[in-house]
Amino acid sequence: MTTPASDTADREIVITRLLKAPPALVWQAWTDPAHIARWWGPTGFSNTISEMEVREGGVWRFVMHGPDGVDYPNRIDYDEVVPGRLLRYRHSDDVETGGMQFDVTVTFADEDGQTRLTMRTLFATAAERTRVVEQYGAIEGGRQTMDRLEAHLAGMV
């Protein structure tokens, strides 16, 4: 049996990682502002969380502070929240002028007490995905973010 190719593959970035922590702990690290502020973003970034309400219709606003001194405002609007299992949200740069926006689905699956985390980012067009990968290093940045999550979880276990 063959699996049909996704019709959105050219617009997606998919990052998967098996984390050495149970889904409940990974969920806590991802949804508690005291935790996510300490690991979110690529290497060298820090965060200031202004609000985080993890529920359908809730909003997470934060500023990522780049190692180059540039601040990046972000806004996340939660569309679906299944505690311990799923987050679906729209991510934007929190700029009223119609800046960058993409959709994200994050799943937290138990694998023998560890967590198979899958983060699927879907852009409106393949050109937008290519721009974000080339201009911001989104694939490497995503890997670094997962590395930071993994290190943070090691301190929580």
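These numbers were taken from a predicted model, which means no experiment stands behind them.
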Colleague: Please tell me if the side chains of Leu87 and Trp27 come closer than 4.5 Å, counting only heavy atoms from C-beta onward.
Modeller: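 Yes, close enough: below the 4.5 Å cut-off.
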Colleague: Which atoms form the tightest heavy-atom contact between Ile15 and Arg143, and what is the distance?
Modeller: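 That closest heavy-atom pairing would be CD1-N, 4.1 Å.
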Colleague: Which residue is it: Arg85, Arg88, Arg90? I am looking for the one with a salt bridge (Lys or Arg N to Asp or Glu O under 4.0 Å) to Glu80.
Modeller: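 Among Arg85, Arg88, Arg90, the one meeting salt bridge (Lys or Arg N to Asp or Glu O under 4.0 Å) with Glu80 is Arg88.
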Colleague: Side chains of Arg116 and Thr16, heavy atoms from C-beta outward: is any pair under 4.5 Å?
Modeller: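 Yes, at least one pair of side-chain atoms sits under 4.5 Å.
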Colleague: Can you hop from Tyr136 to Met146 via hydrophobic side chains spaced under 4.5 Å?
Modeller: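 Per the 4.5 Å side-chain linkage, Tyr136 and Met146 are co-clustered.
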Colleague: For Leu122 and Glu12, work out which heavy atoms get closest and say how close.
Modeller: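 Heavy atoms of Leu122 and Glu12 come nearest at CD1-CG, 3.7 Å.
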Colleague: Does the pair Ile36 and Ile49 meet the rule for a side chain to side chain contact (heavy atoms under 4.5 Å, CB included), with working shown?
Modeller: CA-CA 9 Å; Ile36 202 164; Ile49 311 294; 4.2 Å; yes
Colleague: Write down the atom of Gln114, the atom of Leu19, and the distance for their closest heavy-atom approach.
Modeller: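 So the minimum-distance heavy-atom pair works out to CB-O, 3.2 Å.
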Colleague: With a 4.0 Å cut-off on N to O distance, would you call Asp10 and Arg129 a salt bridge?
Modeller: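 Answer for the salt bridge query: no.
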Colleague: To the nearest 0.5 Å, how far apart are OG1 in Thr121 and CG in Asp103?
Modeller: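 Here the rounded value is 9.5 Å.
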Colleague: Which value, rounded to the nearest 0.5 Å, describes the distance between Glu140 atom CD and Gln144 atom CD?
Modeller: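 Rounded to the nearest 0.5 Å, the CD-CD separation comes to 4.5 Å.
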Colleague: Check whether any side-chain heavy atom of Pro42 sits under 4.5 Å from a side-chain heavy atom of Met64, and report yes or no.
Modeller: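 Result yes, sub-4.5 Å side-chain heavy-atom pair found.
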Colleague: With rounding to the nearest 0.5 Å, note down the distance linking CD in Gln101 to CZ in Arg75.
Modeller: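 One finds 9.5 Å between CD of Gln101 and CZ of Arg75.
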Colleague: OH of Tyr89 to CD1 of Ile76: how many Å apart, nearest 0.5 Å?
Modeller: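 So the OH of Tyr89 and the CD1 of Ile76 are separated by 4.5 Å.
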Colleague: Looking at Arg11, is its backbone amide N or carbonyl O close enough to the side chain of Thr8 to form a donor-acceptor pair, meaning the two atoms are under 3.5 Å apart?
Modeller: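 Here the side-chain-to-backbone pair does not exist.
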Colleague: In sequence, state the C-alpha distance, the side-chain angles, and the governing distance for Val54 and Met52, and then conclude on side chain to side chain contact (heavy atoms under 4.5 Å, CB included).
Modeller: CA-CA 6 Å; Val54 184; Met52 185 178 204; 3.9 Å; yes
Colleague: What class does the angle between the rings of Phe108 and Trp30 fall in, given that below 30° is parallel, 30 to 60° is tilted and above 60° is perpendicular?
Modeller: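 Taking Trp30 first and then Phe108, their aromatic rings stand perpendicular (interplane angle over 60°).
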Colleague: When rounded to the nearest 0.5 angstrom, what distance separates CZ in Arg38 from CG in Asp32?
Modeller: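 Arg38 atom CZ to Asp32 atom CG measures 9.5 Å (nearest 0.5 Å).
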Colleague: Classify the side-chain pair His91/Asn74 by whether it contains a donor and acceptor separated by less than 3.5 Å.
Modeller: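 Checked: His91/Asn74 side chains pair up, N/O donor to acceptor below 3.5 Å.
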Colleague: Please lay out, stage by stage, how Thr48 and His65 fare under the test side chain to side chain contact (heavy atoms under 4.5 Å, CB included).
Modeller: CA-CA 8 Å; Thr48 300; His65 309 286; 2.6 Å; yes
Colleague: What are the two closest non-hydrogen atoms of Ala138 and Ile13, and how far apart are they?
Modeller: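 For Ala138 and Ile13, the tightest heavy-atom pair comes out as CB-CD1, 3.8 Å.
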Colleague: Which atom pair, heavy atoms only, marks the closest approach of Pro22 to Thr115?
Modeller: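 The answer is C-OG1, 3.1 Å.
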Colleague: Given Trp40, which partner from the list Trp60, Tyr72, Phe45 fulfils the ring-ring contact (aromatic ring centres under 6.0 Å, His included) test?
Modeller: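 Going through Trp60, Tyr72, Phe45 one by one, the ring-ring contact (aromatic ring centres under 6.0 Å, His included) with Trp40 is satisfied by Trp60 alone.
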Colleague: Show the numbers, then the answer: is there a salt bridge (Lys or Arg N to Asp or Glu O under 4.0 Å) between Asp147 and Arg17?
Modeller: CA-CA 9 Å; Asp147 290 346; Arg17 180 80 55 105; 2.9 Å; yes
Colleague: Does a side-chain heavy-atom distance below 4.5 Å link Val26 with Leu117?
Modeller: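 The answer is yes; the side chains approach within 4.5 Å.
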Colleague: Please report the interatomic distance CH2(Trp39) to CZ(Arg148), rounded to the nearest 0.5 Å.
Modeller: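 Atom-to-atom, Trp39:CH2 and Arg148:CZ are 9.0 Å apart.
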Colleague: Considering non-hydrogen atoms only, spot the tightest contact between Gly84 and Pro23 and give its length.
Modeller: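 Gly84 and Pro23 have their closest heavy atoms at O-CB, 4.0 Å.
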Colleague: Given the rule in the side chain to side chain contact (heavy atoms under 4.5 Å, CB included) test, do Val106 and Val104 qualify, once you have shown the distances and angles that lead to the verdict?
Modeller: CA-CA 7 Å; Val106 184; Val104 179; 3.8 Å; yes
